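Numbering of residues begins at 1 and proceeds along the displayed sequence. On a predicted model such as this, the values are computed, not experimentally measured, just so you know.
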Amino acid sequence: MLRKNKNNLLGILMIISMFVLIFILNYMTHYTSDDYAYRFVFKSHLPGTSPEKINGIFSIIKSQISHYKLWNGRFVAHFIVQFFMQYNKIIFDVFNTLIFILLGFIIYSILKKVSNINNKIETFIFIFTLLWLFTPEFGKSVLWLSGAGNYLWTSIIYSSFLLFNLKTQKSNLLTYVLVIVLGFISGATNENSGPAIILVIILLVLWKYLSSKTLDVWRIFGILSSCVGYLIMFTSPGSQKRGQQQISLDLLKDRLVHVYSASVSHFFFEYLILILFIFILVYQKKYSKSNFIFTTIMLIGHFSSIYCLVLSTGQPLRTFFGSNILLIIAIVYLLNCISGFISLKKYLSIVLITVSIIVYCYAFNDIYKNYREVDNQIKIIETSNPNKEIIVPLLTPSHSLYNPYNGTAYLDDNPKSWFNLWMAKYYKVSSIKGVNSK
């Protein structure tokens, strides 16, 4: 009883510490890139003479209809983005931190459903340290408001859809309504993670049917609904217009090499941990048929969400977000299948925590530097004559992928650049120009 209370207390302290650490990074992240544009009803990638501010659900719906026609079909992600752009940034900072922690709990719930959790604290350590260390472009997929809406927040939706399908549900009207709605918005999340989850669920349903000769009709409705959501998102007029391309074998080969190189480089150490755990289970003669099938299904989803990107015009690292979640599920699933090897697990946990602390300190320093610079820019803008061109010092280049300003569009020396124009509209000033302060 005493040990259980100690573990519960340790777990609570770990979650509180995680909340504080992630919240600090969220708080130090001002708006950047598309954020300023999404404060307004979308009409074009450039601001008009009198842009209409987002003000309530109906204005968001109006904006998303226009966005769907002109830009892309990610109406689920951008609805979330525009919803939070109505309010003070601190509200998003709190909820975004909670969503990051919720993602860890959803992964834990998935694992709890398919395996016996031997050590809760150890499992949470692996989940959160792997999320922290291997979430691709953490700054642009978790901290940047528009990026978080597209990657972190949508991951909650498709991970919940996966969890819903792993649980035994009663075949009633409520189950059908929930799976159809959840499936639809899961499929509409983004171009690679949404369909990867559909594939994973199809394989899980097939596995269950072959092993038990039972088939839940509501699962089929969920899969079909998810496919409809994906098709509506993917075939949007905006996506089709902006995604037009001439496909050739040479182009596909070049993209395949790029995607392979980027994914192996990013996930290299996670792959090593996965292989290590498989070897241990084989050595223990505990790598059962069910272990093999579940791990294989997660890896099929992982690789399919990566390599389908060869058909996309762009393959930024952050598009591996869902791939990382499926890989973490596979790794921590195998961790909980291993009996013994307590010292190895302990040393791995210590290494992951130590590396996480070092990476956090480096990321904090890099983000804090830009936070102070952006803070200064905003003060200059807010205290200057709005009818004249406002001169602000440019940001110091960032060096960490945990920094949301690393690789996102921001103020430059051209007052007519699209970002400068949107930021000027947001602060209701004539124009803004960046200059080197050195």
Side-chain angles (χ1 to χ4, degrees), residues 31-89 91-92 95-96 99 140-142 144-158 160-161 177 180-195 197-198 225-244 312-314 316 318-319 321-322 408-409 418-419 421-423 425-426:
Y31 296 136
T32 183
S33 195
D34 298 337
D35 293 343
Y36 286 105
Y38 286 127
R39 178 63 181 91
F40 303 92
V41 173
F42 188 88
K43 296 177 182 178
S44 169
H45 70 287
L46 293 174
T49 53
S50 55
E52 177 188 351
K53 277 194 172 183
I54 291 294
N55 184 25
I57 298 298
F58 292 109
S59 65
I60 298 176
I61 294 172
K62 176 183 176 182
S63 179
Q64 286 310 304
I65 291 173
S66 176
H67 193 269
Y68 183 84
K69 293 177 180 178
L70 300 173
W71 204 247
N72 70 44
R74 292 186 185 181
F75 56 89
V76 174
H78 291 110
F79 186 96
I80 295 168
V81 171
Q82 293 206 292
F83 176 82
F84 280 105
M85 282 304 298
Q86 300 176 96
Y87 306 108
N88 189 293
K89 177 64 165 49
I91 295 174
F92 173 77
F95 279 98
N96 200 48
I99 286 295
K140 293 197 282 289
S141 60
V142 175
W144 170 32
L145 193 150
S146 294
N150 275 269
Y151 298 101
L152 173 61
W153 285 70
T154 55
S155 74
I156 295 298
I157 298 169
Y158 55 72
S160 297
F161 183 48
V177 171
I180 288 171
V181 172
L182 190 56
F184 179 82
I185 58 175
S186 173
T189 50
N190 58 51
E191 294 81 0
N192 66 322
S193 297
I197 293 298
I198 294 173
S225 177
S226 198
C227 290
V228 171
Y230 173 73
L231 288 173
I232 290 174
M233 180 271 298
F234 185 75
T235 59
S236 73
S239 296
Q240 295 305 304
K241 185 166 56 178
R242 293 177 62 238
Q244 287 180 351
S312 174
T313 53
R318 58 186 176 274
T319 54
F321 196 101
T408 54
W418 71 269
F419 182 89
L421 291 172
W422 277 116
M423 193 174 188
K425 287 294 181 184
Y426 181 88

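- Interatomic distance, CZ of Phe321 versus CG of Leu152, reported as 5.0 Å (0.5 Å rounding).
- Side-chain rings of Phe83 and Trp153 stay apart, their centers remaining 6.0 Å or farther from each other.
- Closest approach of Gly73 and Ser239 over heavy atoms only: N-OG, 3.0 Å.
- Within the model, atoms CZ of Phe184 and CE of Met233 stand 10.0 Å from one another, a figure rounded to the nearest 0.5 Å.
- Looking only at side-chain heavy atoms (C-beta outward), Glu52 and Lys43 come within less than 4.5 Å of each other.
- Interatomic distance, Ser193 OG to Asn150 CG, rounded to the nearest 0.5 Å: 11.0 Å.
- In this structure, Lys53 places its NZ atom where more than 12 heavy-atom neighbours from other residues, nucleotides or ligands lie under 6.0 Å away.
- Here the closest non-hydrogen pair linking Ser236 and Asn72 is OG-C, 3.5 Å.
- The aromatic rings of Phe84 and Phe95 sit tilted, their planes meeting at an angle between 30° and 60°.
- No side-chain heavy atom of Tyr36 sits under 4.5 Å from any side-chain heavy atom of Lys425.
- Counting all heavy atoms, side chain and backbone alike, Ser141 lies closest to Arg318 at CB-CB, 4.1 Å.
- Between the side chain of Thr32 and the backbone N or O of Ala409 there is at least one donor-acceptor pair closer than 3.5 Å.
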Ile54 and Met85: CA distance, side-chain angles, deciding distance, side-chain contact (heavy atoms from CB on, under 4.5 Å) verdict: CA-CA 8 Å; Ile54 291 294; Met85 282 304 298; 5.9 Å; no
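- Note that CD1 of Ile80 and CZ of Phe92 are 9.5 Å apart. Values are rounded to the nearest 0.5 Å.
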side-chain contact (heavy atoms from CB on, under 4.5 Å) evaluation trace for Phe42 with Lys62: CA-CA 8 Å; Phe42 188 88; Lys62 176 183 176 182; over 6 Å; no
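- Around atom CZ of Phe234, no more than 12 heavy atoms belonging to other residues, nucleotides or ligands sit under 6.0 Å away.
- Aromatic ring centroids of His45 and Trp418 lie 6.0 Å or more apart.
- Smallest separation of non-hydrogen atoms from Thr408 and Lys140: CG2-CD, 3.4 Å.
- Taking the side chain as every heavy atom from C-beta outward, Tyr151 and Thr319 approach each other to under 4.5 Å.
- Of all non-hydrogen atoms in Asn190 and Tyr158, the two that sit nearest each other are ND2-CE2, 4.3 Å.
- Within a 6.0 Å radius of CG in Asn55, other residues, nucleotides and ligands contribute 12 heavy atoms or fewer.
- What you find for Ala77 and Gly149 is that their closest heavy atoms are CB-O, 3.4 Å.
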Could you go through Ser66 and Val41, starting from their C-alpha distance and side-chain angles, then the distance that decides it, and tell me whether this counts as side-chain contact (heavy atoms from CB on, under 4.5 Å)? CA-CA 8 Å; Ser66 176; Val41 173; 5.7 Å; no
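- Taking CD1 from Ile99 and CD1 from Ile156, the interatomic distance works out to 5.0 Å, rounded to the nearest 0.5 Å.
- If you check the side chains of Asp35 and Ser146, you find a donor sitting under 3.5 Å from an acceptor.
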Evaluation steps, side-chain contact (heavy atoms from CB on, under 4.5 Å), between His78 and Ile60: CA-CA 9 Å; His78 291 110; Ile60 298 176; over 6 Å; no
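- Between the side chain of Tyr68 and the main chain of Ile232, a donor-acceptor pair closer than 3.5 Å is present.
- Atom-to-atom distance recorded for His67:NE2 and Ser44:OG is 11.0 Å, nearest 0.5 angstrom.
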